[in-house]
Novice: 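Got a structure for you, questions after.
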Protein chains: 2
Amino acid sequence: MDAAEWLFADQGFEGTSIRGIVDAAKVNLAAIHYHFRSKEALLEAVLTRRITIINEVRLKRLEFAEASAAPRSASVEEIVRAFIAPTVEFAQRDKSGATFVQLMSRMFTERRFSLTDFLGRKFGDTIGRFTGALLGALPHLPREVVLWRTFFAIGAMHQVLCSPGKIDLVSRGLLESTSNDELTEYLVQFAAAGLCANSSSKPSKKKSKTLTSRRRNE
Amino acid sequence: MDAAEWLFADQGFEGTSIRGIVDAAKVNLAAIHYHFRSKEALLEAVLTRRITIINEVRLKRLEFAEASAAPRSASVEEIVRAFIAPTVEFAQRDKSGATFVQLMSRMFTERRFSLTDFLGRKFGDTIGRFTGALLGALPHLPREVVLWRTFFAIGAMHQVLCSPGKIDLVSRGLLESTSNDELTEYLVQFAAAGLCANSSSKPSKKKSKTLTSRRRNE
DNA sequence: GTCTATAGAACGATAGAC
DNA sequence: GTCTATCGTTCTATAGAC
């Protein structure tokens with residue numbers, strides 16, 4: 001449901017009530033519970049509807065980039081572009097597309113287990129395919145470094161997509177608005193350069209505590 | 001209140017009820033409304049308590065980096081480190097610190113105006129100081145490019161901080177846990193390299209629609 | 001300043017007529 | 001499959017005793 005997509009993106013999952021969706025979509029409250037089992041299932045249906053499409057486009061672009069570069073491996077920039085461009089283009093297509101990428105990015109910051117698990121199922125294979133390509137294109141870097149940098153790049157992309165107005169925190173209104181094509185290129189250049197950085201000073205003085213210890217609630 | 005910090009970080013603002021906080025903190029429901037005016041004011045109080053400290057450390061580090069490099073401008077890497085390291089170190093300090101940076105990162109993805117406005121007031125000056133330093137260190141790059149890249153770097157940092165377990169989406173469990181010191185260096189290297197990238201292929205085929213809310217005035 | 005008690009509204013979910 | 005009606009719960013916020 002388009003109304004659910006918009007409201008979830010705008011107010012978050014918990015901040016959105018089924019009743020609000022019902023009012024916006026001018027449908028019946030009980031019909032939601034009939035077609036989807038619950039509020040959470042509705043969210044997953046909204047997400048699944050588009051994620052499948054975006055990831056298919058991503059994989060197609062990656063395959064094309066790899067075929068074009070064969071027998072050498074595709075360049076980091078092309079791999080990154082194959083991941084990022086479909087998302088920005090999807091956001092560009094129409095209002096609904098823009099809304100969806102906001103929602104998707106926002107869901108990556110949620111900590112609820114059921115959602116994290118859902119994202120893992122939906123994105124695991126695609127991301128795995130891309131990390132494989134990046135590891136192949138950056139054989140001189142440790143696996144750990146490439147994986148973290150991939151994560152950073154996704155974070156940079158999500159920050160841009162999930163809350164459009166937040167750039168004002170940095171620009172303070174001094175920035176003319178940037179076209180999507182420019183933005184894609186900015187992102188790709190940034191991410192590709194970051195991924196290719198020389199890993200010169202490996203500190204390797206390990207401390208005990210880490211940020212990555214998982215805390216599963218319930 | 002520490003309990004509020006934890007619950008807001010874990011479940012988001014809308015997902016957390018004052019009653020949940022009251023139960024966790026073993027205090028009285030009415031006392032919350034007496035000391036803070038509302039749920040939103042409680043959130044802002046929780047955020048303000050720490051943001052001030054982190055931003056002070058950031059500015060101190062930036063000034064030190066600039067003084068060390070004088071009369072030349074500080075290196076991009078040092079500027080970036082002055083921004084990122086205090087946050088990761090804060091997260092490392094104790095459980096409460098780790099919880100807070102998760103909360104702060106998460107709030108950056110919220111779209112509610114009152115919160116966006118609040119973040120602008122709390123972070124505007126600090127971020128402005130850093131973008132100024134970066135513009136000085138990267139005089140050959142267009143202002144627009146530097147500002148966007150700064151935004152990307154902040155996004156990369158937030159992605160890491162806000163939901164610790166999400167790296168598994170990329171690593172699929174194949175990654176041993178990384179120490180915070182390593183993680184800081186990974187982030188700094190990634191962000192510095194991204195910020196310094198050659199802006200070779202400026203696309204400049206402008207399309208009409210943009211992802212950012214403001215319209216181009218032309 | 002801290003409590004109990006409760007107002008007043010909104011929530012997710014379901015039952016059952018049609 | 002779509003409706004009305006409602007259950008049982010939870011929510012923020014406040015009033016008023018101590």
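We name chains A, B, ... by the order of the sequence lines, and we start the count at 1 in each one.
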Novice: Using distance alone, with no hydrogens and no angle criterion, decide if B:Arg50 and B:Ser96 have a side-chain donor and acceptor under 3.5 Å apart.
Specialist: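 Yes, a side-chain donor-acceptor pair sits under 3.5 Å.
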
Novice: Could you give the CG-to-P distance, from B:Leu7 to D:dC11, as a whole number of Å?
Specialist: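 Rounded to the whole Å, the gap is 11 Å.
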
Novice: Any N/O pairs under 3.5 Å between the protein and nucleotides 3-6 of chain C? List them or say none.
Specialist:
residue, atom, partner, partner atom, Å
C:dT4, OP2, B:Asn28, ND2, 3.2

Novice: Salt bridge between B:Arg172 and A:Asp125, side-chain N to carboxylate O under 4.0 Å?
Specialist: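 Answer for the salt bridge query: yes.
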
Novice: Establish, yes or no, whether a centroid distance under 6.0 Å links the rings of A:Phe118 and A:Phe113.
Specialist: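 Not under 6.0 Å, so no.
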
Novice: Specify the separation, in whole Å, of atom CG of B:Leu42 and atom C1' of D:dC11.
Specialist: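 Going from B:Leu42 (CG) to D:dC11 (C1'), I get 15 Å.
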
Novice: Taking 4.0 Å as the cut-off, does a side-chain nitrogen or oxygen of A:His33 come that near to OP1 or OP2 on C:dA13?
Specialist: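 A:His33 to C:dA13 OP1/OP2: side-chain N or O found under 4.0 Å.
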
Novice: Toss me the dot-bracket line for DNA chain C: Watson-Crick and G-U wobble, both under 3.5 Å, 5' to 3', using | for pairs to another strand and [ ] for crossers.
Specialist: ||||||||||||||||||

Novice: Is the distance from OP1 or OP2 of D:dT10 to the nearest side-chain N or O of B:Ser17 less than 4.0 Å?
Specialist: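 The answer is no; no side-chain N or O of B:Ser17 sits under 4.0 Å from OP1 or OP2.
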
Novice: Give a yes or no on whether a salt bridge exists between A:Glu144 and A:Arg149, defined as a side-chain N under 4.0 angstrom from a carboxylate O.
Specialist: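 Salt bridge flag = no for A:Arg149 with A:Glu144.
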
Novice: Which residues pass the side-chain hydrogen bond (donor to acceptor under 3.5 Å, both in side chains) test with B:Glu89, sequence neighbours left out?
Specialist: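 Partners of B:Glu89 under the side-chain hydrogen bond (donor to acceptor under 3.5 Å, both in side chains) test: B:Arg61.
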
Novice: Salt-bridge test for A:Lys122 and A:Glu44: reply yes if a basic N is under 4.0 Å from a carboxylate O, no otherwise.
Specialist: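 The answer is no: the pair does not qualify as a salt bridge.
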
Novice: List the atom pairs, donor and acceptor, that lie under 3.5 Å between side-chain atoms in residues 150-163 of chain B and the rest of the protein, sequence neighbours left out.
Specialist:
residue, atom, partner, partner atom, Å
B:Thr150, OG1, B:Val146, O, 2.7
B:Ser163, OG, A:Phe108, O, 3.4

Novice: Any salt bridge linking B:Asp2 with B:Arg49? Criterion: basic side-chain nitrogen under 4.0 Å from a carboxylate oxygen.
Specialist: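 Yes, charged N to carboxylate O under 4.0 Å.
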
Novice: Please list, in numerical order, the residues of residues 34-41 of chain B that have a heavy atom closer than 4.0 Å to any atom of DNA chain C.
Specialist: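 Per residue number, the list reads B:Tyr34, B:His35.
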
Novice: Taking it one step at a time, do B:Arg81 and B:Gln189 satisfy side-chain contact (heavy atoms from CB on, under 4.5 Å)?
Specialist: CA-CA 9 Å; B:Arg81 201 191 313 279; B:Gln189 282 172 17; over 6 Å; no

Novice: Do we see a donor-acceptor contact under 3.5 Å between the side chains of B:Arg58 and B:Thr87?
Specialist: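 Note: B:Arg58 and B:Thr87 side chains meet the donor-acceptor criterion.
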
Novice: Show me the donor-acceptor pairs, under 3.5 Å and distance only, between side chains in residues 14-24 of chain A and residues at least two apart or in other chains.
Specialist:
residue, atom, partner, partner atom, Å
A:Thr16, OG1, A:Leu7, O, 2.9
A:Thr16, OG1, A:Gln11, OE1, 3.3
A:Thr16, OG1, A:Gly12, O, 2.7
A:Ser17, OG, A:Gly20, N, 3.0

Novice: What is the distance from CD of A:Glu14 to P of D:dC11, rounded to the nearest Å?
Specialist: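 So the two atoms are 11 Å apart, to the nearest Å.
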
